[in-house]
Amino acid sequence: MSDKSTPGPVRVRYAPSPTGDPHVGNLRTALLNWVFARHAGGQFIVRIEDTDRERMVDGAEGRILEALEWLGLDWDEGPGVGGPHAPYVQSERKELGKYADAAQILIDNGHAYECTCTPERLEQLRERQRAEKKPTGYDSYCRNKSHEEREADKSQGLSAVVRFKVPLEGEVVFNDRLRGPVSFDPSLLQDFVILKSDGFPTYHLAHIVDDHEMEITHVLRSEEWISSTPRHVMMYEGFGWEPPVFVHLSILLGPDRGKLSKRHGATALLDYRDQGYLADTLFNFLALLGWSPGDDDEVMSRAEIVEKFSLDGLNAAPSIFDLTKLQWMNGVYLRKLPVDALAGMLAPALEAPDGLPAEISRPIDRDYLASLVPLVHERLKVIDHEEVADMLGFFFQAEIEVDPAELVQKGMDEATTASALKSAAAVIESAEPYEPDALEERFRALCAELELKPGQLFGALRVALTARRVAPPLFDTMVAIGRERSAERVRSAAALLSAAGTRD
RNA sequence: GCCCCGUUGGUGCAGCGGCCCAGCACGCCAGCCUUUCAAGCUGGAGAUCACGGGUUCGAAUCCCGUACGGGGUACCA
């Protein structure tokens with residue numbers, strides 16, 4: 001609880017914009033907020049920041065909430081659950097006049113003004129500044145207009161925005177909980193827009209008004225907001241409000257140290273779900289990007305992460321999203337999964353169009369599948385449709401296609417292999433009981449009898465039964481395939497070799 | 001251009017002035033186990049702690065500069 005640097009309960013928020021598919025980096029921010037809230041026994045609030053009407057994407061809000069739910073990040077206030085500060089969608093709050101009222105307060109107390117400069121004028125201004133190699137930015141043209149001038153502009157039909165009046169001198173300092181004091185020279189900042197001409201607030205105004213009203217105590221957000229924070233601090237001062245504690249989290253980078261983007265693979269969180277990663281994996285993995293518990297534990301449950309979380313464990317350096325490690329971790333979680341749960345995940349993957357071959361009828365036999373799970377359990381990293389179908393296909397197929405060349409093991413030829421397989425088929429047909437241990441005993445005896453190494457006989461059998469060199473343990477496989485089908489496969493493999501032999 | 005943030009093996013992290021000629025994990029290599037693969041176990045390679053100056057009896061750890069990376073510089077968030 002030492003993280004509570006303000007009195008009262010911790011209240012944090014995740015405030016996404018519905019402008020696209022929720023990005024892993026974005027959800028990582030949400031996750032850290034959630035973990036912090038849960039650790040401190042505070043509240044986690046979700047607020048939709050849909051103030052940019054141009055960039056809105058249909059369905060994005062739904063997918064954001066879906067991603068949060070998938071990760072297990074439940075919110076105490078926000079869309080769907082309501083709360084004392086409802087609504088939690090900024091476009092709805094705008095209808096209530098929250099932002100226009102706030103902007104008016106700033107105008108009234110001299111911290112903001114209306115500006116009627118046209119986009120054309122601003123563009124020309126920027127062009128000129130670029131040509132003169134000067135920093136681009138608004139020149140405060142409307143800042144000192146009189147009331148009369150403004151009214152005249154507006155009566156001419158010029159639409160107005162509201163700009164914040166940035167102090168001409170002094171220094172803006174804020175204390176970042178992670179990075180320490182950060183100071184800015186406000187004269188480098190321009191009078192920025194807080195209320196757009198369409199009546200919507202910009203992010204700067206909207207989030208401050210809402211954070212204040214919703215009594216947010218800590219703002220954990222991505223590093224790219226550092227440069228905007230001085231504006232926010234000035235606005236808090238303009239309103240006479242107490243700012244929250246700022247924590248600027250490191251950003252996520254791709255393996256080439258560039259910003260994590262599509263060319264590095266999936267960037268949308270839900271893509272990982274669809275590719276066969278577990279929510280527990282992503283939760284654990286994301287938590288460790290830019291945070292560490294201070295000890296050497298890496299595989300941790302949600303509860304452990306919540307318990308161990310501390311803002312002091314955050315790292316300001318950017319984190320690289322390492323897919324290889326994610327895969328390893330998913331394997332760890334997959335191995336922890338109970339058999340029936342894993343079977344439940346495997347079934348849809350196998351039944352998918354890119355799963356088992358089309359000729360295999362669906363739905364597949366769940367009980368049979370469940371019996372196969374122990375054979376592949378510790379061999380899985382990701383529930384990838386094709387990979388899983390490849391790994392388990394021969395159990396479901398009526399017939400398999402064996403490559404004769406694969407059957408012949410080191411130190412053997414076609415003839416010896418064919419006769420060994422025939423002997424093996426006889427063992428399969430007669431072995432009692434038809435169980436893995438008993439079968440192994442019988443086949444080891446057969447090895448001795450035929451003067452073959454176990455690797456030779458077993459290798460040939462593996463290919464005969466599965467058409468693969470790499471497969472689950474042999475005798476378990478034999479039992480799972482069944483006595484009759486196994487014998488049949490081994491006999492036809494032998495026949496394959498004899499046929500080839502006579503042809504040569 | 002200007003402003004801001006960052007920089008520990010290939011990767012993720014630990015380290016918060018002496019316990020560190022740097023620890024853990026992933027990956028890689030080898031061995032063991034073994035019917036293949038995987039898992040597991042054991043061992044190994046891999047870092048002049050970006051570079052250069054300071055401060056200090058002592059620095060990966062504090063300060064300054066440089067380089068590199070990233071972010072910002074919008075009526076986007």
Side-chain angles (χ1 to χ4, degrees), chain A residues 15-19 26 49-52 54-55 115 117-119 122 126 130 133-138 159-163 176 178-179 182-185 188-190 192-204 206-207 221-230 248 250-251 253 255-259 285 288-299 312-313 315-329 331-332 335 376-381 391 409 440 443-444 447 453-463 466 468-475 477:
Chain A
S17 290
T19 52
N26 216 266
E49 309 216 324
D50 56 346
T51 55
D52 187 343
E54 310 274 300
R55 295 203 309 152
C115 164
C117 291
T118 61
L122 295 177
R126 263 191 291 271
R130 270 194 291 267
K133 297 214 187 295
K134 284 184 181 165
T136 56
Y138 184 56
S159 59
V161 299
V162 177
R163 286 182 185 272
D176 186 288
L178 214 200
R179 299 159 201 268
V182 180
S183 62
F184 280 83
D185 178 354
L188 264 15
L189 265 26
Q190 288 77 43
F192 54 94
V193 172
I194 58 176
L195 201 66
K196 306 184 230 183
S197 55
D198 64 2
F200 274 87
T202 60
Y203 169 83
H204 304 301
H207 95 277
R221 79 224 303 191
S222 173
E223 185 182 353
E224 66 220 45
W225 291 107
I226 293 180
S227 309
S228 305
T229 307
H248 288 100
S250 59
I251 47 161
L253 263 29
D256 61 355
R257 303 210 136 254
K259 199 172 184 177
F285 186 74
L288 254 20
L289 255 25
W291 174 76
S292 92
D295 54 33
D296 289 328
D297 286 347
E298 292 203 306
V299 178
D312 296 322
N315 185 167
S319 312
I320 289 167
F321 193 88
D322 180 6
L323 206 57
T324 311
K325 187 150 184 174
L326 210 215
Q327 284 171 355
W328 162 77
M329 190 175 273
V332 171
R335 270 173 251 134
V376 294
H377 204 154
E378 66 192 18
R379 278 159 251 268
L380 294 168
K381 272 195 160 64
M391 210 178 265
Q409 303 299 300
E440 178 164 359
F443 277 101
R444 287 199 184 275
C447 285
K453 286 181 194 161
Q456 295 177 304
L457 211 217
F458 298 176
L461 278 171
R462 176 171 300 108
V463 175
T466 68
R468 301 168 46 103
R469 298 187 102 124
V470 174
L474 187 59
F475 305 106
T477 302

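The sequence lines fix the lettering, A, B, ..., with proteins before strands; numbering per chain opens at 1.
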Review point. With a non-hydrogen cut-off below 4.0 angstrom, is A:L289 in contact with a base, only sugar-phosphate, or nothing?
Key: sugar-phosphate
Point to revise | Selection from B:G6, B:A14, B:C4 that lies nearest to any side-chain heavy atom of A:V182 | key: B:C4
Practice item. Between B:C13 and B:G18, how far apart are the C1' atoms? Round to whole Å, please. Key: 24 Å
Point to revise | Spacing of the P atoms in B:G69 and B:A74 (rounded, Å) | key: 23 Å
**Study point:** Euclidean distance for P, B:U42 against B:A25 (whole angstrom)
**Key:** 10 Å
Review point. Between A:T202 (side chain) and A:V193 (backbone), is there a donor-acceptor pair under 3.5 Å?
Key: yes
Practice item. Between B:C3 and B:A45, how far apart are the P atoms? Round to whole Å, please. Key: 46 Å
Practice item. Using the test side chain to side chain donor-acceptor pair (under 3.5 Å), find all partners of A:R221 that sit at least two apart in sequence or belong to another chain. Key: A:Y203, A:H207, A:T229, A:H232, A:H248
Revision key, fill the gap. By nearest-heavy-atom nucleotide on RNA chain B, the more 5' of A:I251 and A:A317 is A:A317
**Study point:** side chain to side chain donor-acceptor pair (under 3.5 Å) partners for A:R55, two or more places apart
**Key:** A:D52
What protein N or O atoms touch nucleotides 23-28 of chain B N or O atoms at under 3.5 angstrom, if any, and at what distances?
unit_1 : atom_1 : unit_2 : atom_2 : d
B:C24  : O4'    : A:D296 : OD2    : 3.3
B:A25  : O4'    : A:E298 : OE1    : 3.4
B:A25  : O2'    : A:E298 : OE1    : 2.4
B:A25  : N3     : A:K325 : NZ     : 3.2

**Study point:** A:D297: partners by side chain to side chain donor-acceptor pair (under 3.5 Å), with sequence neighbours left out
**Key:** A:K308
Exercise for review: For A:S222, report the nucleic acid contact type (base, sugar-phosphate, nothing); a contact means any heavy atom under 4.0 Å.
Suggested key: nothing
Check your understanding: Touch check for A:N315, heavy atoms < 4.0 angstrom, all strands: base, sugar-phosphate only, or nothing?
Key -> sugar-phosphate
Review point. Does A:V161 offer a backbone N or O that forms a donor-acceptor pair with the side chain of A:S197 under 3.5 Å?
Key: no
Review point. Mind checking what makes side-chain contact (heavy atoms from CB on, under 4.5 Å) contact with A:L188, not counting sequence neighbours?
Key: A:D185
Point to revise | Test item: A:L380 and A:H377 side chains (from C-beta on) under 4.5 Å apart, heavy atoms | key: no
Exercise for review: Please list, chain by chain and in numerical order, all residues satisfying salt bridge (charged side-chain N to carboxylate O under 4.0 Å, His left out) with A:R126, sequence neighbours excluded.
Suggested key: A:E123
**Study point:** Most 5' of A:S292 and A:L380 on RNA chain B, judged by nearest nucleotide
**Key:** A:S292
Review point. Over how many whole Å does the gap from A:W291 atom CH2 to B:A14 atom P extend?
Key: 10 Å
**Study point:** Atom pair distance, as rounded to whole Å: CG in A:D176 and P in B:C3
**Key:** 20 Å
**Study point:** A:I320 CD1 to B:U7 P, straight-line distance once rounded to whole Å
**Key:** 12 Å
Revision key, fill the gap. The Watson-Crick or G-U wobble partner of B:C16, with both key distances under 3.5 Å, is none
Revision key, fill the gap. Paired to B:C41 by Watson-Crick or G-U wobble criteria (both distances under 3.5 Å) is B:G31
Table of protein N/O atoms under 3.5 Å from nucleotides 72-77 of chain B N/O atoms:
unit_1 : atom_1 : unit_2 : atom_2 : d
B:C75  : O2     : A:S197 : N      : 2.8
B:C75  : O2     : A:S197 : OG     : 2.8
B:C75  : N3     : A:S197 : OG     : 3.0
B:C76  : OP2    : A:K196 : NZ     : 2.9
B:C76  : O2'    : A:D52  : OD2    : 2.6
B:C76  : O2'    : A:R55  : NE     : 3.2
B:C76  : O2'    : A:R55  : NH2    : 3.0
B:C76  : O2     : A:R55  : NH2    : 3.4
B:A77  : OP1    : A:T51  : OG1    : 2.8
B:A77  : OP1    : A:K196 : NZ     : 2.8
B:A77  : OP2    : A:Y203 : N      : 3.1
B:A77  : O3'    : A:S17  : OG     : 2.6
B:A77  : O3'    : A:E49  : OE1    : 3.4
B:A77  : O2'    : A:S17  : OG     : 2.9

Practice item. Just jot down the ring-ring contact (aromatic ring centres under 6.0 Å, His included) partners of A:F200, sequence neighbours excluded, or say none. Key: none
Check your understanding: If we take the P atom in both B:U61 and B:G52, what is their distance in whole Å?
Key -> 13 Å
Pairs under 3.5 angstrom, nitrogen or oxygen only, protein versus nucleotides 32-37 of chain B, please.
unit_1 : atom_1 : unit_2 : atom_2 : d
B:U35  : OP1    : A:R444 : NH1    : 3.2
B:U35  : OP1    : A:R444 : NH2    : 2.0
B:U35  : O2     : A:R462 : NH2    : 2.1
B:U36  : O4'    : A:R462 : NH1    : 3.3
B:U36  : O2     : A:A471 : N      : 3.0
B:U36  : O2     : A:A471 : O      : 2.9
B:U36  : N3     : A:A471 : O      : 2.6
B:U36  : O4     : A:P473 : N      : 3.3
B:C37  : O2     : A:R379 : NH1    : 2.5
B:C37  : N3     : A:R379 : NH1    : 2.2

Exercise for review: Classify the nucleic acid contact of A:G331 as base, sugar-phosphate or nothing, counting any heavy atom under 4.0 Å across all strands shown.
Suggested key: nothing
Exercise for review: Check whether any side-chain nitrogen or oxygen of A:S319 sits under 4.0 Å from OP1 or OP2 of B:C13, and answer yes or no.
Suggested key: yes
Exercise for review: Could you give the distance separating B:A67 and B:C75 at their C1' atoms, to the nearest angstrom?
Suggested key: 38 Å
Review point. Looking at residues at least two apart in the chain, or sitting in another chain, which of them share a side-chain contact (heavy atoms from CB on, under 4.5 Å) with A:A316?
Key: A:L178, A:R179
Check your understanding: Between A:D185 (CG) and B:C3 (P), how many Å, whole number?
Key -> 9 Å
Review point. Paired with B:G6 by Watson-Crick or G-U wobble geometry, both distances under 3.5 Å: which nucleotide is it?
Key: B:C68
Check your understanding: On a whole-Å scale, what distance lies between the P atoms belonging to B:C63 and B:A22?
Key -> 25 Å
Review point. Between A:Y138 and A:F192, does the ring centre distance come in under 6.0 Å?
Key: no
Exercise for review: Apply ring-ring contact (aromatic ring centres under 6.0 Å, His included) to A:F458 and list each qualifying residue two or more places apart in sequence or on a separate chain.
Suggested key: A:F475
Practice item. Give A:G199 one of three labels, base, sugar-phosphate or nothing, depending on what nucleic acid heavy atoms sit under 4.0 Å from its own. Key: nothing
Exercise for review: Quote, to the nearest angstrom, the P distance that separates B:C33 from B:U7.
Suggested key: 46 Å
Practice item. Not counting sequence neighbours, which residues clear side chain to side chain donor-acceptor pair (under 3.5 Å) with A:K325? List them please. Key: A:E298
